[in-house]
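Small disclaimer: the values here were computed from a predicted structure and weren't measured.
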Amino acid sequence: SVELVESGGGSVQAGGSLRLSCVISGTRQLRKCMAWFRQSPGKEREAVATINTANNRTVDVDSVRGRFTMSADNSANTVYLQMDTLQPEDTAIYYCAASFTMYVGSCPALDSVYTVWGQGTQVSVSP
């Protein structure tokens with residue numbers, strides 16, 4: 001079965017950086033949609049960024065644009081989320097997700113698209 005394992009979360013002060021990693025195991029399919037979502041206490045889960053590993057097209061949401069960058073290393077079956085200029089409102093559990101539906105362009109930032117999810121990694125940003 002396909003598994004996703006996130007790592008790289010932690011506690012930082014505002015303005016700091018973290019790099020999250022998500023290792024995918026149990027599949028040899030290189031072309032897939034990968035995404036990062038996050039959920040803060042009392043809030044709904046929201047998309048942060050997506051990447052189509054077939055063409056490296058990325059999508060990121062307005063709240064993180066210019067600060068977060070998603071990338072993929074197909075040879076390592078790993079995706080990353082580089083998070084810079086972190087703010088307290090970025091505090092959340094960050095989840096990696098995968099979809100094996102093929103998309104020609106960018107991958108959707110909709111959680112209903114993604115069928116495999118990791119356990120999450122906590123990111124805490126203090127003022």
So [Y] and [X], do their side chains get closer than 4.5 Å, heavy atoms only?
X: M34; Y: T53; result: yes
X: L18; Y: L86; result: yes
X: Q82; Y: M70; result: no
X: V79; Y: W36; result: yes
X: T91; Y: V123; result: no
X: S17; Y: R19; result: no
X: V23; Y: L4; result: no
X: M83; Y: R67; result: no

State the [atom1]-[atom2] distance between [X] and [Y], to the nearest 0.5 angstrom.
X: E89; Y: S40; atom1: CD; atom2: OG; result: 9.5 Å
X: K32; Y: T101; atom1: NZ; atom2: OG1; result: 13.0 Å
X: N52; Y: S106; atom1: CG; atom2: OG; result: 7.5 Å
X: S71; Y: I51; atom1: OG; atom2: CD1; result: 6.0 Å
X: E6; Y: L81; atom1: CD; atom2: CG; result: 11.0 Å

* Asked: Is it the case that one hydrophobic cluster holds both V61 and V113, taking links as side-chain heavy atoms less than 4.5 Å apart, direct or via other members?
  -> no
* Indicate if I24 and Y80 have the same hydrophobic cluster label, given that clusters are the connected sets of ILVMFWY residues with side-chain heavy-atom separations under 4.5 angstrom. =>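 Per the 4.5 Å side-chain linkage, I24 and Y80 are not co-clustered.
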* **Residue R65 excluded, over 12 heavy atoms near CZ under 6.0 Å** =>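 Counting neighbours around CZ of R65, more than 12 heavy atoms of other residues, nucleotides or ligands fall under 6.0 Å, so yes.
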* To do: State whether the number of non-hydrogen atoms from other residues, nucleotides or ligands found under 6.0 Å of Q119 atom CD is greater than 12.
  => no
* Asked: Are the side chain of S124 and the backbone N or O of S11 linked by a donor-acceptor pair below 3.5 Å?
  ->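 Not confirmed, S124 side chain does not pair with S11 backbone.
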* Taking the side chain from T50 and the backbone from C107, do they hold a donor-acceptor pair closer than 3.5 Å? ->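 Flag set: sc T50 to bb C107 pair under 3.5 Å.
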Heavy-atom closest contact ([X] atom, [Y] atom, distance):
X: A14; Y: Q87; answer: CB-OE1, 4.5 Å
X: N56; Y: A72; answer: OD1-CB, 4.2 Å
X: S126; Y: P88; answer: C-CG, 4.3 Å

* Between Y114 and F37, what is the ring plane arrangement, given parallel below 30°, perpendicular above 60°, and tilted in between? -> perpendicular
* Scan D84, L20, D90 and name whichever one has a side chain to side chain contact (heavy atoms under 4.5 Å, CB included) with F68. => D90
* For S75, the option from N77, D73, T78 that meets side-chain hydrogen bond (donor to acceptor under 3.5 Å, both in side chains) ->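 Output: one option passes, namely D73.
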* **Salt bridge present between D111 and R45 (N-O < 4.0 angstrom)** => yes
* Could R38 and Y95 be counted as a cation-pi pair, given that NZ or CZ must be under 6.0 Å from the ring centre and within 45° of the axis? -> no
